[in-house]
Amino acid sequence: MMILDGSIVNVALPRIQSDLHANAASLTWILNAYLVSFGSFLLLGGRLGDLLGRTRMFFAGMTIFTLASVACGLANSAAALDIARFVQGFGAAIGAPAILALIVVEFPDPGERARTMGIYTFVSVAGASIGLIMGGVLTQLLSWHWIFFVNAPIGILALLVGRNVLPRDRGRGLREGVDVLGSLLATLGVMLGIYAIVTSDTHGVASASTIAPFGVAVVLLIAFLRLESRIAHPVLPPRILRQRTLIVSCVVRAMMVVGMFTSFYLCSLYLGGVRGLHPITIGLAFLPQTVIVAIFSLRVTTRLVKRFGQLPVMFAGMAILALGPLVLAITLHGATSYAPALLIAFLLIGVGGGMSFMTLMSTALAGIPNEDAGIASGLINVSLQIGSAIGVALLGTIAATRTRALERSGVPAHEALAGGYRLSFWLLTAAVAAGLAIAIRYLGRPTRRDGPSQPGSVQPIRVRQTSVVARNSTPRSPIRS
């Protein structure tokens, strides 16, 4: 629901604008309010899960999200819908880190964790395309209100089943105190940064309306990091930032998201704006990609990891993922047919995403102690939100600028649009390739801080057990410990 609600609104926007008499600014914030809120509170939500209990935060996030979804469906003005969407994003931010943290803590066996990560990856990657299909069907058959009401029965079911299934973890508690100032600095800094990114396509990347909030965000985040290094119980412990594997994996994940999710966004615009396809048809066009992601995430990738190791599978997946936007950059024009060009690109993106996203998350969380699983999950989710925001805003702006330049030179409108998208796909290919280069350079071999492991394989449980042995026994050589 949390991933799906980032895209399900897109196809319903014309109906919402007509029914609520919304202007362009209000319409934009129906999308952006959710994205800004979701991204801004993830770090806080992750740390609260560590302190108060992940299951407790999952229930709180699900409850807020479900109630806010009902409020979205009942909204009778654009302003009310914008506010409800912001609260909905807050609920998602509180609950999302708890989900990944629960997987890390409750599935210590490498095989079980790999299968569970596969399910998590499939849901995360497939949510956006499923959102387009559901948004079109619900809006056409019922009304736009039902794209929000549909969350209510799912949320209630999740809460009921969760009470019987999820563990009652208590967390570390609040005895050590809560870093209120750090939480405030981090939330405001991330919020202003994401706000600057998601509105840059409206105001312009170089405009004061973009540069000013982004500059303030940088100052706030620098102040936040300085504060965290000086206090006893920070919301983001410095030891987390010293986990090189986690930080590098977050950077690589953001670059992969730029390539994968921005390709999804630009292809949706191309199929609708250039080829004139119906929203439901656009959603169905991505169905092969969703199926491939499911096949690889749920079955194939786990077998490949057992045979070849985690890192080789991840690197191969990223290389295949980069080929998807490359095919689009080479073949796209004003009348490109769905098959074979777009279909091949979608299949490559599906295979690459199914192989690399799950293995990258497992790599990122290797060696993270259970008490920090929530904040680590928050960082991973922040990298996804920032990557998608940067990709959509920046690459969308670049595509629009290139399109205007081509139109001024006399190129027909539909070819100019395709030319703008084509330039963005070249840049998306470069982003994923750069992410692959960073991964090979910094994740290709373990460091002493991250713990020893076999080349090409990351074993989270062995790394975590190593740290326990090292604390409770006399020092030994790195190889033996």
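The backbone N or O of Thr336 sits less than 3.5 Å from a side-chain atom of Arg275, completing a donor-acceptor pair. In this structure, the side chain of Arg85 engages the main chain of Ile30 through a donor-acceptor pair within 3.5 Å. Checked by atom type and distance alone, the side chain of Thr55 pairs as donor or acceptor with a backbone atom of Pro167 at under 3.5 Å. Using modelled atom types, no side-chain atom of Ser362 and backbone atom of Thr359 make a donor-acceptor pair closer than 3.5 Å.
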Give the table of side-chain donor-acceptor pairs shorter than 3.5 Å for residues 294-307, with sequence neighbours excluded, one pair per line with atom names and distance.
| from | atom 1 | to | atom 2 | distance (Å) |
| --- | --- | --- | --- | --- |
| Ser297 | OG | Val293 | O | 2.8 |
| Thr301 | OG1 | Phe296 | O | 2.8 |
| Thr301 | OG1 | Gly354 | O | 2.9 |

Would you mind writing out the side-chain donor-acceptor pairs for residues 413-422 within the sub-3.5 Å range, not counting sequence neighbours?
| from | atom 1 | to | atom 2 | distance (Å) |
| --- | --- | --- | --- | --- |
| Glu415 | OE1 | Gly334 | N | 3.1 |
| Glu415 | OE2 | Gly334 | N | 3.2 |
| Arg422 | NH1 | Leu332 | O | 2.5 |

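Residues Thr331 and Ile344 fail the side-chain proximity criterion, which asks for heavy atoms closer than 4.5 Å. Counting heavy atoms from C-beta outward, Ser377 and Met361 have side chains that stay 4.5 Å or more apart. No side-chain heavy atom of Phe107 sits less than 4.5 Å from a side-chain heavy atom of Leu102. Ile349 places a side-chain heavy atom less than 4.5 Å from the side chain of Pro325. Between Thr187 and Leu43, every side-chain heavy-atom pair lies at or beyond the 4.5 Å cut-off. For the pair Arg253 and Phe357, the minimum side-chain heavy-atom distance is below 4.5 Å. Side-chain contact between Asn151 and Thr66: absent, with no pair of heavy atoms (C-beta onward) separated by less than 4.5 Å. No side-chain heavy atom of Phe58 sits less than 4.5 Å from a side-chain heavy atom of Ile94.
Between Tyr34 and Ala92 the shortest heavy-atom distance is OH-CB, 3.8 Å. Residues Gly387 and Val258 come closest through the heavy atom pair O-CG2, 3.3 Å. Counting all heavy atoms, side chain and backbone alike, Met355 lies closest to Ala316 at CE-CB, 4.0 Å. Considering all non-hydrogen atoms of both residues, Ser69 and Phe148 come closest at O-CB, 3.2 Å. Nearest heavy-atom pair across Gly391 and Thr262 is CA-OG1, 3.2 Å. For the pair Ala341 and Val327, the tightest heavy-atom approach, listed with the atom from each and the gap, is O-CG1, 3.8 Å.
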- Task: Test Glu112 against Glu106 for side-chain contact (heavy atoms from CB on, under 4.5 Å), laying out the working first.
- Result: CA-CA 10 Å; Glu112 289 184 350; Glu106 296 303 318; over 6 Å; no
- Query: What do the steps show when you test Gln88 against Met1 for side-chain contact (heavy atoms from CB on, under 4.5 Å), and what is the final call?
  - Reply: CA-CA 11 Å; Gln88 193 184 34; Met1 290 195 298; over 6 Å; no
- Derivation of the side-chain contact (heavy atoms from CB on, under 4.5 Å) call for Leu100 and Met117: CA-CA 9 Å; Leu100 188 54; Met117 282 289 188; 3.9 Å; yes
- Test side-chain contact (heavy atoms from CB on, under 4.5 Å) on Trp426 and Ile330 and set out the steps. CA-CA 8 Å; Trp426 281 113; Ile330 294 172; 4.0 Å; yes
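The side chain to side chain contact (heavy atoms under 4.5 Å, CB included) test with Met314 is passed by exactly one of Leu360, Val252, Leu436: Leu360.
Using the six-membered ring where Trp is involved, Phe264 and Phe286 have ring planes that are tilted, between 30° and 60° apart.
Atom OG in Ser249 sits 7.5 Å away from atom CD1 in Ile380 (nearest 0.5 Å). The line from CG of Leu321 to OG1 of Thr429 is 9.5 Å long, rounded to the nearest 0.5 Å. A distance of 12.5 Å separates CZ of Arg239 from CG of Leu246, quoted to the nearest 0.5 Å. Summarising the geometry, atom CD1 belonging to Ile222 is positioned 12.0 Å from atom CG belonging to Leu185; distances are rounded to the nearest 0.5 Å. A distance of 6.0 Å separates CG of Leu266 from CG of Leu395, quoted to the nearest 0.5 Å. Taking OG of Ser337 as the reference point, atom CG of Leu342 lies at 8.0 Å (rounded to 0.5 Å).
The number of heavy-atom neighbours closer than 6.0 Å to OH of Tyr120, taken from other residues, nucleotides and ligands shown, is above 12.
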